[in-house]
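One structure is given here, and the rest of the page talks about it.
Chain letters run A, B, ... following the sequence lines, proteins first, then strands; residues in each count from 1.
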Amino acid sequence: MRLSRSFVPTLKETPAEAQIASHRLMLRAGLVRQTSAGIYAWLPAGWRVLQKIAQIVREEQDAAGAQEILMPTIQPAELWRQSGRYDAYGPEMLRIVDRHDREMLYGPTNEEMITEIFRQSVRSYRELPQNLYHIQWKFRDEVRPRFGVMRGREFLMKDAYSFAIDYPSAVLEYRKMMLAYMRTFQRMGLKAIPMQAEAGPIGGNLSHEFIIVAPTGESQVYYDAAFERIDPASGDFSFDSPADLNRFFSLLTTPYAATDEKHDPALWRNVAEKREGRGIEVGHIFYFGTKYSEPMGLVVAGPDGRPVHPFMGSYGIGVSRLVGAIIEASHDEAGIIWPESVAPWKAVLLNLKMGDARCDALCEEVYAGLGAEALYDDREERAGVKFADADLLGHPWQIIVGPRGAAAGTVELKRRATGERAELSVADALARIG
RNA sequence: CGGGGCGUAGCUCAGCCUGGUAGAGCACAGCGUUUGGGACGCUGGGGCCGGAGGUUCGAAUCCUCUCGCCCCGACCA
């Protein structure tokens with residue numbers, strides 16, 4: 001993509017409303033623009049990041065055996081009356097009336113809807129277990145939205161819903177999601193820690209929050225340093241092996257980890273390597289049994305022919321929140337430092353002297369070699385502006401082409417994360433980026 | 001929802017107390033000089049001073065109401 005023809009409106013000054021680093025940087029780097037309190041439009045660079053995060057989530061959900069669907073944002077109130085949550089949910093739910101005076105709502109979550117869909121079509125235990133997910137916009141009318149996309153009212157969320165014929169089978173679904181989540185966050189360069197959590201309005205009694213430790217987190221968290229050494233990708237854990245899933249689960253739930261609501265000073269005293277700090281919740285998984293299947297009349301025939309209410313769980317990942325969380329975990333004074341897996345562009349090409357025949361030619365050569373994952377800064381701007389924007393946007397790699405090197409046929413390759421620089425031939429630079 | 005604050009140019013803000021023809025820096029357009037870390041000079045364009053009502057000869061400024069946004073707290077993916 002050529003920056004001269006792109007809509008990437010960067011800001012030199014910090015917008016007054018942004019308090020924390022990720023919010024400030026998302027506005028300054030031209031990722032998003034606020035349209036109302038807690039509601040954001042995603043601009044090209046931000047949208048690319050959001051889609052990359054969603055894609056990683058999707059791949060890991062698929063790997064865990066979940067199937068992608070897409071449910072609507074607008075739901076009938078009637079469904080929520082069946083579960084009893086229409087009145088229980090309170091003013092956080094955005095309620096709408098259509099032209100026929102039918103009560104509707106903008107979905108804050110989808111347990112009722114998926115239960116209804118499942119109820120229409122599933123009759124036998126032979127069809128279980130199943131796990132269905134979608135990646136869809138949600139709306140929760142927060143009293144006080146803040147921190148940009150980290151605590152917006154409208155947000156993109158992956159939510160999955162599992163159905164099982166009995167408790168042991170339901171627990172396996174839960175553990176699959178735990179493994180999938182740990183791999184998902186790891187691929188985004190994040191160290192997530194599952195912590196015991198309150199089930200909240202979703203309901204249920206088995207629940208973990210996935211927490212990223214960062215100074216701007218919303219809650220105080222306590223955990224054992226053992227978590228810093230766990231690598232979910234290693235150890236050959238298979239989704240198909242109950243033994244693996246159970247082993248993984250105990251590996252992740254044995255060391256102490258708790259948010260302040262669940263913190264137990266008595267247990268904490270026995271933790272050898274204590275770590276505490278602030279945490280950002282990026283995912284939450286729940287097991288809640290028959291909380292919805294029973295009131296909503298979801299029934300399948302069990303092996304003995306008798307009716308059974310399936311045992312359910314739900315599993316959320318805050319996709320849009322992750323954009324903010326990743327930035328909170330990875331930035332410096334100059335700007336964002338994207339992990340390669342979610343960067344809007346893998347590399348930026350800086351032409352320091354537009355109009356110089358050698359620079360222009362060399363840049364075209366490099367640009368052609370980089371492919372679609374590159375942004376070419378071909379604006380008529382001074383070098384300093386390009387450097388500043390490149391650091392702000394946080395591209396993992398910067399390829400700097402100036403008159404000095406161009407004369408010798410070399411380019412400068414800079415790694416954003418470390419600041420390392422090297423003078424290389426075009427071929428070597430391209431090879432290094434990979 | 002309680003408490004506090006702010007709405008003036010695209011952005012960051014001054015002006016308001018003490019009413020008298022709307023400002024600065026950055027950004028934008030043109031010209032010139034510059035040119036490897038957010039250049040400099042000159043010229044220019046851009047405002048229903050959030051909105052409505054009121055007081056006054058006269059309101060960005062004073063009063064009332066309203067809408068929006070931000071911060072602290074309580075609440076939450």
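- Phosphate proximity of rG68(B) to Q34(A): absent, as no side-chain N or O sits under 4.0 Å from OP1 or OP2.
- The base-pairing partner of rG20(B), taking Watson-Crick or G-U wobble contacts with both distances under 3.5 Å, is rC57(B).
- Residue E17(A) is the one, among G152(A) and E17(A), whose nearest nucleotide of RNA chain B lies closer to the 5' end (criterion: closest heavy atom).
- Neither side chain, D159(A) nor Q136(A), offers a donor N or O lying under 3.5 Å from an acceptor on the other.
- Distance from the side chain of E13(A) is smallest for rC26(B) among the nucleotides rC28(B), rC26(B), rA74(B).
- The side chain of V385(A) lies closest to rG38(B), out of rG38(B), rG37(B), rG36(B).
- With a cut-off of 3.5 Å on both Watson-Crick or G-U wobble distances, the partner of rC6(B) is given as rG68(B).
- For R421(A), the listed nucleotide lying nearest its side chain is rG37(B); candidates were rA74(B), rC69(B), rG37(B).
- Ranking rC72(B), rU35(B), rC26(B) by closeness to the K12(A) side chain, first place goes to rC26(B).
- Of the listed nucleotides (rG73(B), rG38(B), rC69(B)), rG38(B) has the atom at the smallest distance from the side chain of D389(A).
- Nucleotide rG32(B) is matched to rC40(B) when pairs are restricted to Watson-Crick or G-U wobble geometry with both distances under 3.5 angstrom.
- Within the shown strands, rC11(B) is the pairing partner of rG25(B) under the Watson-Crick or G-U definition, both distances less than 3.5 Å.
- The nucleotide rC76(B) finds no pairing partner, because no Watson-Crick or G-U wobble arrangement with both distances shorter than 3.5 Å includes it.
- Closest approach of K262(A) and Y256(A) over heavy atoms only: O-OH, 4.3 Å.
- The base of rC76(B) lies close enough to the side chain of R151(A) for a donor and an acceptor atom to sit less than 3.5 Å apart.
- If you check every strand for non-hydrogen atoms under 4.0 Å, P91(A) touches nothing.
- Taking atom CD on Q398(A) and atom P on rG36(B), their separation rounds to 16 Å, with Å as the unit.
- Distance from the side chain of A383(A) is smallest for rG36(B) among the nucleotides rA39(B), rG36(B), rC76(B).
- Between R187(A) and S341(A), the closest heavy-atom pair is O-OG, 2.6 Å.
- Applying the 4.0 Å criterion to OP1 and OP2 of rC76(B), one finds that R144(A) has every side-chain N and O outside that range.
- Closest to the side chain of E381(A), out of rC28(B), rC69(B), rG38(B), is rC28(B).
- Picking from rG38(B), rA39(B), rG36(B) the nucleotide with the shortest atom distance to the side chain of I400(A) gives rG36(B).
- The listed nucleotides are rC75(B), rC69(B), rG36(B); the one nearest the side chain of E142(A) is rC75(B).
- Using a cutoff of 4.0 Å between basic side-chain nitrogens and carboxylate oxygens, E423(A) and R432(A) are not scored as salt-bridged.
- Atoms CE and NE2, from M150(A) and H23(A) in turn, are 10.5 Å apart once rounded to the nearest 0.5 Å.
- A salt bridge links R421(A) and E412(A); the closest N-O separation between the charged side-chain nitrogens and carboxylate oxygens is under 4.0 Å.
- Using a 4.0 Å cut-off, no side-chain N or O of R404(A) falls inside it from OP1 or OP2 of rG36(B).
- Among the nucleotides rC70(B), rC26(B), rC76(B), the one closest to any side-chain atom of E92(A) is rC76(B).
- Closest-nucleotide positions on RNA chain B for A334(A) and V143(A) were compared, and the one nearer the 5' end corresponds to V143(A).
- Between R146(A) atom CZ and rA74(B) atom P the separation is 9 Å, expressed in whole Å.
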